[in-house]
Amino acid sequence: MYNRYEDISKFILDIEQLCVADDGYVYISKEEDYGIAIDMESCYGSLDEAKPFIVFLAKHICELDNLVQRFNQKKRIKNDGTGYVCLPSPTGILRFDYLQSMENDPTPQRKEFPFELEIIYIEKPNHIVFDYWSTINCTQFDVTFEYKENKFFLRKYGSFDCIPDDWEETTSSLSNIETD
């Protein structure tokens with residue numbers, strides 16, 4: 001499933017071709033290709049203001065999707081889901097602290113990722129949310145990225161929040177510390 005959005009020719013990269021459709025979305029790929037759209041209602045600015053960042057984001061969708069899939073394959077919930085620590089959240093939103101809730105999967109394996117990227121929310125120029133929809137059943141989840149220092153960082157995966165910059169390296173050493 002890696003590199004499933006790698007065909008850059010399927011994305012709209014010409015700033016002049018980006019426009020708001022009747023449903024309020026800006027489609028950055030055609031429906032018959034990927035059907036990925038930007039929700040302009042949640043966008044930090046007008047379309048003209050956001051166009052350069054939208055094109056920049058379209059060029060990086062493949063690497064961001066690969067990052068999400070790597071996280072999905074390499075991590076698992078600690079202690080079979082017992083001992084979660086809930087972060088302060090708005091009413092009705094459940095969030096879990098990544099460091100206390102997740103650990104490395106000791107037997108990571110390449111498994112199918114049954115979700116497709118559908119909608120992108122650009123709440124700030126450095127805060128992007130991908131809305132993934134299941135291809136199997138009626139579920140969806142959000143993934144949040146922060147853009148800083150010319151790089152994207154995974155910050156939230158579903159209800160797991162506060163993911164550190166170096167999540168691929170830190171959890172295994174933290175797991176060893178906790179058991180000592």
Hey, what do you get for [atom1] ([X]) to [atom2] ([Y]), rounding to the nearest 0.5 Å?
| X | Y | atom1 | atom2 | result |
| --- | --- | --- | --- | --- |
| Lys124 | Ile122 | NZ | CD1 | 14.0 Å |
| Lys30 | Lys10 | NZ | NZ | 10.5 Å |
| Gln17 | Ile15 | CD | CD1 | 11.0 Å |
| Cys43 | Glu123 | SG | CD | 10.0 Å |

Intermediate values then yes/no, side chain to side chain donor-acceptor pair (under 3.5 Å), Asp65 and Tyr132: CA-CA 10 Å; Asp65 181 66; Tyr132 280 93; 2.7 Å; yes
Contact summary for [X] and [Y], nearest pair of heavy atoms:
| X | Y | value |
| --- | --- | --- |
| Asp97 | Cys162 | OD1-CB, 4.4 Å |
| Ile8 | Leu13 | CG1-CD1, 3.5 Å |
| Gly45 | Met40 | O-CE, 3.9 Å |
| Gly35 | Ser29 | N-OG, 3.1 Å |
| Asp131 | Leu117 | O-CD1, 3.8 Å |

Spell out, as yes or no, whether a donor-acceptor pair under 3.5 Å connects the side chain of [X] to the backbone of [Y].
| X | Y | answer |
| --- | --- | --- |
| Lys75 | Trp167 | yes |
| Thr139 | Ser134 | no |
| Thr135 | Pro114 | yes |
| Asp105 | Lys74 | no |

Side chain to side chain contact (heavy atoms under 4.5 Å, CB included) evaluation trace for Met102 with Lys78: CA-CA 5 Å; Met102 300 294 285; Lys78 282 185 186 178; 5.7 Å; no
Tyr34-Asp7 side chain donor-acceptor pair, cut-off 3.5 Å: no
Aromatic ring proximity, centroids under 6.0 angstrom, Phe130 and Phe145: yes
Aromatic ring proximity Phe113/Tyr2, centre distance under 6.0 Å: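 Judged by ring-centre distance (under 6.0 Å), Phe113 and Tyr2 do not meet the cut-off.
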Side chain to side chain contact (heavy atoms under 4.5 Å, CB included) partner of [X], chosen from [options]:
| X | options | result |
| --- | --- | --- |
| Ile28 | Asp33, Leu57, Ile120 | Ile120 |
| Tyr5 | Glu116, Glu63, His60 | Glu116 |
| Ile38 | Leu47, Val26, Ile128 | Val26 |

Answer yes or no: is there a side-chain heavy-atom contact under 4.5 Å between [X] and [Y]?
| X | Y | value |
| --- | --- | --- |
| Ile36 | Phe11 | yes |
| Glu118 | Gln140 | no |
| Ser159 | Arg95 | no |
| Leu154 | Asp165 | no |
| Phe115 | Val68 | no |
| Ile54 | Ile12 | no |

Asp48 with Lys51: basic N within carboxylate O range, under 4.0 Å: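 The answer is yes: the pair qualifies as a salt bridge.
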Test ring pair (Phe, Tyr, Trp, His ring centres under 6.0 Å) applied to Phe160 and Tyr98, step by step: CA-CA 5 Å; Phe160 298 99; Tyr98 165 82; 8.1 Å; no
Taking atom [atom1] as the centre, does [X] end up with more than 12 heavy-atom neighbours from other residues, nucleotides or ligands that are less than 6.0 angstrom away?
| X | atom1 | result |
| --- | --- | --- |
| Glu41 | CD | no |
| Asn137 | CG | yes |
| Lys148 | NZ | yes |

Under 4.5 Å side-chain linkage, directly or through intermediates, the cluster mates of Tyr121: Tyr25, Tyr27, Ile119, Val129, Trp133
Geometric class of the Tyr44/Phe53 ring pair [parallel <30°, tilted 30-60°, perpendicular >60°]: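 Taking Tyr44 first and then Phe53, their aromatic rings stand perpendicular (interplane angle over 60°).
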Stepwise salt bridge (Lys or Arg N to Asp or Glu O under 4.0 Å) test for Arg155 and Asp161: CA-CA 6 Å; Arg155 290 293 177 238; Asp161 211 342; over 6 Å; no
Joint hydrophobic cluster, Tyr147 plus Phe153, side-chain heavy atoms closer than 4.5 Å: no
Transitive ILVMFWY side-chain link Phe96 to Phe71, under 4.5 Å: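 Yes, because Phe96 and Phe71 connect within a single hydrophobic cluster, where side-chain heavy atoms sit under 4.5 Å apart.
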Check against side chain to side chain contact (heavy atoms under 4.5 Å, CB included), Glu168 and Arg70: CA-CA 9 Å; Glu168 292 187 88; Arg70 265 197 329 274; 3.2 Å; yes
Derivation and outcome, side chain to side chain contact (heavy atoms under 4.5 Å, CB included), residues Lys156 and Val143: CA-CA 5 Å; Lys156 186 173 179 237; Val143 175; over 6 Å; no
